[in-house]
Amino acid sequence: MTDALLPAAPQPLEKESDGYFRKGCNPLAQTGRSKLQNQRAALNQQILKAVRMRTGAENLLKVATNHKVREQVRLELSFVNSDLQMLKEELEGLNISVGVYQSTEEAFTVPLIPLGLKETKDVDFSVVLKDFILEHYSEDSYLYEDEIADLMDLRQACRTPSRDEAGVELLMSYFIQLGFVESRFFPPTRQMGILFTWYDSLTGVPVSQQNLLLEKASILFNIGALYTQIGTRCNRRTRAGLDGAVDAFQRAAGVLHHLKETFTHTPSYDMSPAMLSVLVKMMLAQAQENVFEKICLPGIRNEFFVLVKVAQEAAKVGEVYRQLHTAMSQAPVKENIPYSWASLVCVKAHHYAALAHYFAATLLIDHQLKPGADEDHQEKCLSQLYDHMPEGLTPLATLKSGHQRRQLGKSHLRRAVAHHEESVREASLCKKLRNIEVLQDVLSAAHERSRLKYAQHQDDDDLLNLIDAPDIISKTEQEVEIILPQFSKVTATDFFQKLGPLSVFSANKRWTPPRSIHFTAEEGDLGFTLRGNSPVQVHFLDPHCSAALAGAKEGDYIVSIQDVDCKWLTVSEVMKLLKACGRDGVEMKVVSLLDFTSSMHNKCATYSVGMQKTYSMICLAIDDDDKTDKTKKISKKLSFLSWGTDKNRVKSASTLCLPSVGVARPQVKKKLPSPFSLLNSDSSLY
């Protein structure tokens, strides 16, 4: 009868038809993005070495008193600084690698800016989690080796996510899993001794922290970065591709905004509030640019009302890029934002402002008000095109006068040519942008088109009849906005659900070790009632009953009956188990919740190479007692974790051992299937 009373939860995880575990992309595949990420990882190591050498030289310069030694150190320091600057410029070149992240379709479009994924070091959870399971939960840690390995596999797979929705879901699954792990194994009163190291995606500077918040924040950043890569990969020659790009950039902005609002003290330049605010603006600007491209996709008809709409849409894109460039030029962002990004943003601001003036000139020069035309509608559209008309001109009079239309149109063309010349000049000043051929072709073609149209209508007396073209009011039919991440739509199962319901069996609660209670029901009366859902508690205990005399207490949680795990059973299921016990009595294990108060401070130690202390969240240092955690030996996992079909794992022994008396070593256990399915790595290039 007890065989039918299995726990209602956790449910066995079914294997997916296409494989056991969801995988990242093959890191050994020689695709463009994998090569780029490998170069990024190598540069991060070189930057770390250079930063350490600079720090050592600066310290030596502070303490040296000999004049010759100080001169030699200054010379070496200048060499190190120059090497570090070259490495950072090389990293900047990877961040603007258009050929890798852009769509594979040939298109005559201005490139978009993606974010590179943050790199990290390997982390071994096995020893620390095994010790905590034994110490805190009083369970045999060997029973959780597969779950720990699953967690490490999932983390490793998240280092190489595929560039599609499946890759985003993989990262979100790990982010949700980190919430479970934090509740299970990371008490707020102590450090666990696991050091998480992540590299700044913009500067390559590493940040290390014994806090799971850095891990969660970095995964969130990579989710946003992956959305930007999905957006740049969309085919911008189709409406579906542009819709996908707009959605991807809005979601990237939402994730980065959520990161800024949730993790306000992340000790990394790329995740600082100021930098995240700029990145959110950049994603929304690129989404607005895709909206303009979607409007222009069918072709721009040479009609008055169509040209008014397109001119205002182009002015909207130029305005958001101008605001973005202003934000990029403010401290402290301007010291860390890639120069090529700021240059490209400035180029786009002038380029789209020029397009707005070109379309305004076209609607004025190419269209004359004819008899029977809708004068009121055209007058209204022209008045809404400007904040104010030039001095001496009115909308209706300008529409009726061919001379005034041509003069105002040519003034717009002059401003268009001036903006085009500025965009070409800005692009020529940046070495990275000079090497992007498609950008140079787009700018040159647009500049030549405006110049030729102005030459067609240029008169000798133009200098005597100069009119200052007014600014065009920006307007759009689709205002882009951030889309916050929807983690509730991602299904993730707690790997360590066997430990019991998280509401009770968590890291911030403590219990007594499981106690065995052997008692008999007298005439069918247990001597107590049950309450609660999962796990079930002992309630209204008779102090003279058999269970109370055996050691049961009011409020005890029942964890097993007759060796059947009861942590997830309901009251009715536990009652059936108790009634099924024969005359030999009931063998029940219970735990008692302890009042847990600690005098320890909630400390968060951060190591950030080259980071200013005022910028970091380092507020409290690790005491000498905590330094012993750093010397703990961490075993290295040999396999790639998630890429192979078979998971060849080396079981890491815990540093703590169960007592040998009365404890049997667990048999080889059938592995619980994982909730994550296999990704088709051939469908999306890494």
Side-chain angles (χ1 to χ4, degrees), residues 32-33 36 95-116 162-165 167-168 224-253 279 281-301 306 309-311 313-321 324 340-341 344-345 347-356 358-359 423 427 432-433 435-446 449 476-481 483 683-685:
R33 196 168 69 123
L36 197 65
N95 290 330
I96 199 65
S97 297
V98 176
V100 174
Y101 291 111
Q102 305 298 315
S103 172
T104 56
E105 301 290 338
E106 292 292 336
F108 196 66
T109 54
V110 180
L112 300 171
I113 302 176
L115 297 178
S162 57
R163 202 173 2 155
D164 50 24
E165 288 296 330
V168 173
L226 193 58
Y227 269 128
T228 67
Q229 296 180 15
I230 293 173
T232 55
R233 193 188 188 190
C234 292
N235 183 4
R236 293 154 66 191
R237 296 194 302 174
T238 65
R239 185 174 185 84
L242 287 170
D243 286 335
V246 171
D247 181 74
F249 283 117
Q250 290 182 118
R251 292 185 183 277
L279 294 181
K281 291 179 184 292
M282 186 169 72
M283 298 308 121
L284 293 179
Q286 295 188 131
Q288 196 68 58
E289 182 181 3
N290 294 143
V291 170
F292 173 76
E293 292 176 339
K294 185 168 61 174
I295 294 173
C296 300
L297 184 63
I300 303 173
R301 300 190 306 274
V306 173
K309 175 183 176 181
V310 174
E313 289 284 352
K316 178 66 176 180
V317 180
E319 179 184 56
V320 294
Y321 272 116
L324 174 60
S340 54
W341 288 10
L344 183 58
V345 167
V347 166
K348 289 187 176 185
H350 287 291
H351 175 68
Y352 286 103
L355 292 183
Y358 173 80
F359 291 125
S423 66
K432 304 298 180 183
L433 299 185
N435 296 330
I436 303 177
E437 294 183 1
V438 64
L439 175 63
Q440 299 295 331
D441 293 341
V442 170
L443 298 180
S444 299
R449 182 179 59 180
T476 179
E477 67 176 17
Q478 181 181 348
E479 191 77 38
V480 297
E481 56 186 10
I483 300 178
S683 64
S684 56
L685 292 177

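For reference, positions follow the sequence shown, starting with 1.
- The minimum heavy-atom distance between P111 and V438, with the atom names listed, is CG-CG1, 3.9 Å.
- Nearest heavy-atom pair across E165 and I230 is N-CD1, 4.2 Å.
- Closest heavy-atom contact between A245 and G231: CB-O, 3.7 Å.
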Working for side-chain contact (heavy atoms from CB on, under 4.5 Å), residues Q288 and E313: CA-CA 9 Å; Q288 196 68 58; E313 289 284 352; 4.3 Å; yes
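- Of the inter-residue distances, the one linking L242 atom CG with N235 atom CG reads 8.0 Å to the nearest 0.5 angstrom.
- Residue-environment remark: NZ (K281) stays at or below the threshold of 12 foreign heavy atoms within 6.0 Å.
- Minimum heavy-atom separation, V246 to A287: CG2-O, 3.7 Å.
- Here the options are K316, K294, K348, the test is salt bridge (charged side-chain N to carboxylate O under 4.0 Å, His left out), and the partner is E289; only K348 passes.
- Contact of the K309 side chain with the V306 side chain is not registered, since no non-hydrogen atoms from C-beta on lie closer than 4.5 Å.
- When side chains are defined from C-beta on, V110 does not count as touching Q286, because their heavy atoms never get closer than 4.5 Å.
- Counting heavy atoms from C-beta outward, D243 and R239 have side chains that approach closer than 4.5 Å.
- Atom-to-atom distance recorded for T109:OG1 and E293:CD is 6.0 Å, nearest 0.5 angstrom.
- With S444 contributing its side chain and D441 its backbone, the two residues share no donor-acceptor pair below 3.5 Å.
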Stepwise side-chain contact (heavy atoms from CB on, under 4.5 Å) check, I295 with Q478: CA-CA 10 Å; I295 294 173; Q478 181 181 348; over 6 Å; no
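- With L344 as the partner, the side-chain contact (heavy atoms from CB on, under 4.5 Å) test is satisfied by one option alone out of I436, L112, L439: L439.
- Judged by distance alone, with hydrogens and angles left aside, the side-chain atoms of E481 form no donor-acceptor pair with the main-chain N or O of Q250 at under 3.5 Å.
- Side chains of L324 and W341 form no contact here, defined as non-hydrogen atoms less than 4.5 Å apart.
- Once rounded to the nearest 0.5 Å, the distance linking CZ of F249 with CD1 of I113 reads 9.0 Å.
- By the 30° and 60° cut-offs, the orientation of the rings of Y352 relative to Y321 is parallel.
- Without hydrogens or angle criteria, R233 side chain to R163 main chain gives a donor-acceptor distance under 3.5 Å.
- Taking CG of L297 as the start and CG of N290 as the end, the distance is 11.5 Å to the nearest 0.5 Å.
- Of all heavy-atom pairs between G244 and C234, the closest is C-SG, 3.8 Å.
- The heavy-atom pair separating C296 from V310 by the smallest distance is SG-CG1, 4.3 Å.
- By the 4.5 Å heavy-atom criterion applied to side chains, V442 and H351 are counted as neighbours.
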